[in-house]
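Working notes, structure below.
Position 1 is the first residue of the sequence, and the numbers go up from there.
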Amino acid sequence: MKTHAFRLIYGSDLKKSIEDYIKAHHIEAGYVACCVGCVYEASFRLADGKTLFHDVNHYEIVSLMGTLSKDGVHLHISLSGDGGHTIGGHLMSGTLINTTAEIILHELDEFEFSREFDEKTGYDEIVMKAKH
């Protein structure tokens with residue numbers, strides 16, 4: 001396993017930046033170990049799989065988790081807003097970093113993750129294969 005650590009700055013798109021990092025570092029399989037920071041604009045899909053949430057407001061990132069593959073990412077985010085209420089869902093492009101996002105990724109050298117369309121779900125789902 002290899003660990004990657006980097007920081008995003010004001011205005012960075014959280015999802016796109018992680019996708020760009022994975023491509024630049026040729027990560028075939030991995031996961032988000034940690035993400036701490038804040039955003040000034042949030043975009044995610046809710047649990048019904050259809051409804052998009054978009055808000056221009058200040059939020060703390062209290063959780064970011066997901067899988068990383070050569071074919072893309074699958075990320076879920078939890079954000080804390082005014083009064084400490086928490087919201088979250090499937091991270092979409094358009095979630096923009098405010099002051100910082102400190103990100104740690106773990107690359108799994110012994111696996112290869114890919115994504116293939118699944119007729120049952122209607123989404124590209126992960127396929128996990130050991131390299132050995």
Side-chain angles (χ1 to χ4, degrees):
M1 180 169 60
K2 182 177 179 183
T3 302
H4 297 259
F6 59 99
R7 177 179 174 253
L8 300 179
I9 60 171
Y10 180 87
S12 300
D13 184 298
L14 180 58
K15 182 178 180 185
K16 184 178 181 331
S17 296
I18 292 172
E19 289 172 332
D20 290 347
Y21 187 92
I22 289 173
K23 286 178 186 163
H25 292 85
H26 310 287
I27 297 174
E28 293 184 351
Y31 64 94
V32 176
C34 178
C35 176
V36 177
C38 54
V39 301
Y40 65 86
E41 190 164 344
S43 295
F44 53 86
R45 189 180 67 228
L46 300 179
D48 66 7
K50 297 178 264 182
T51 306
L52 297 179
F53 174 91
H54 181 87
D55 189 27
V56 178
N57 206 337
H58 293 274
Y59 293 99
E60 292 286 337
I61 301 169
V62 294
S63 175
L64 179 69
M65 57 179 26
T67 53
L68 317 171
S69 78
K70 62 183 181 178
D71 297 329
V73 299
H74 184 187
L75 302 170
H76 288 188
I77 191 165
S78 295
L79 301 168
S80 177
D82 293 339
H85 73 280
T86 302
I87 57 173
H90 179 90
L91 182 66
M92 305 296 286
S93 296
T95 298
L96 305 178
I97 301 304
N98 191 10
T99 57
T100 193
E102 303 160 5
I103 300 171
I104 301 171
L105 308 177
H106 285 162
E107 180 178 0
L108 304 172
D109 298 328
E110 63 274 17
F111 288 95
E112 180 180 328
F113 293 172
S114 61
R115 298 202 170 273
E116 295 178 7
F117 184 75
D118 184 326
E119 290 182 22
K120 291 178 184 174
T121 67
Y123 295 104
D124 290 337
E125 302 290 0
I126 197 161
V127 176
M128 301 174 179
K129 295 181 184 174
K131 286 187 176 181
H132 301 42

Which heavy atom in [X] sits nearest to a heavy atom in [Y], and how many Å separate them?
X: G88; Y: L46; result: O-CD2, 4.1 Å
X: L105; Y: Y21; result: CD1-CD2, 3.9 Å
X: G66; Y: L75; result: CA-CD2, 3.9 Å

Sub-4.5 Å side-chain heavy-atom contact between [X] and [Y]:
X: V73; Y: K15; value: yes
X: L96; Y: V39; value: no
X: H4; Y: I27; value: yes

Any donor-acceptor pair under 3.5 Å from [X] side chain to [Y] backbone:
X: D13; Y: G94; value: yes
X: S43; Y: M92; value: no
X: D48; Y: K50; value: yes
X: S69; Y: D71; value: yes

Among the clusters formed by ILVMFWY side chains lying less than 4.5 Å apart, do [X] and [Y] turn up in the same one?
X: L68; Y: I104; answer: no
X: I22; Y: F113; answer: no
X: V127; Y: F117; answer: no
X: M65; Y: I126; answer: no

Just do the side-chain contact (heavy atoms from CB on, under 4.5 Å) check on I103 and I18 with the steps written out, would you? CA-CA 9 Å; I103 300 171; I18 292 172; 4.1 Å; yes

Before giving the answer on side-chain contact (heavy atoms from CB on, under 4.5 Å), spell out for D118 and D124 the whole-Å C-alpha distance, their side-chain angles and the decisive distance to 0.1 Å. CA-CA 6 Å; D118 184 326; D124 290 337; over 6 Å; no

Out of curiosity, [X] [atom1] to [Y] [atom2], how far, rounded to the nearest 0.5 Å?
X: E102; Y: C34; atom1: CD; atom2: SG; result: 8.0 Å
X: I97; Y: C38; atom1: CD1; atom2: SG; result: 7.5 Å
X: D82; Y: H58; atom1: CG; atom2: NE2; result: 9.0 Å
X: R45; Y: T51; atom1: CZ; atom2: OG1; result: 10.0 Å
X: H25; Y: E107; atom1: NE2; atom2: CD; result: 9.5 Å
X: E19; Y: S93; atom1: CD; atom2: OG; result: 6.0 Å

Co-members of I9 in a cluster of I, L, V, M, F, W and Y side chains, linked at under 4.5 Å: none

Given L14 and L8, is the side-chain contact (heavy atoms from CB on, under 4.5 Å) satisfied, shown in steps? CA-CA 8 Å; L14 180 58; L8 300 179; 3.8 Å; yes

Evaluate the criterion salt bridge (Lys or Arg N to Asp or Glu O under 4.0 Å) for residue pair R115 and E125; output intermediate values, then yes/no. CA-CA 5 Å; R115 298 202 170 273; E125 302 290 0; 5.2 Å; no

Quick one: do H54 and E41 satisfy side chain to side chain donor-acceptor pair (under 3.5 Å)? Show the steps, please. CA-CA 7 Å; H54 181 87; E41 190 164 344; 2.9 Å; yes

So, R7 and T100: side-chain donor and acceptor under 3.5 Å apart, yes or no? yes

Could you verify whether a donor N or O on one side chain and an acceptor N or O on the other, from S17 and D20, lie under 3.5 Å apart? no

With under 30° as parallel and over 60° as perpendicular, where do the rings of Y59 and F53 fit, or are they tilted in between? perpendicular

Among E28, E110, E112, the one residue meeting salt bridge (Lys or Arg N to Asp or Glu O under 4.0 Å) with K131: E28

For Y10, give me all partners under side-chain contact (heavy atoms from CB on, under 4.5 Å), at least two apart in sequence or on another chain. Y40, N98

Test side-chain contact (heavy atoms from CB on, under 4.5 Å) on L64 and V32; report intermediate values, then the result. CA-CA 7 Å; L64 179 69; V32 176; 4.3 Å; yes

Not counting sequence neighbours, list each pair that qualifies as a ring-ring contact (aromatic ring centres under 6.0 Å, His included) and has a residue in residues 67-108. Y31-H106, H74-H76, H74-H90, H76-H90

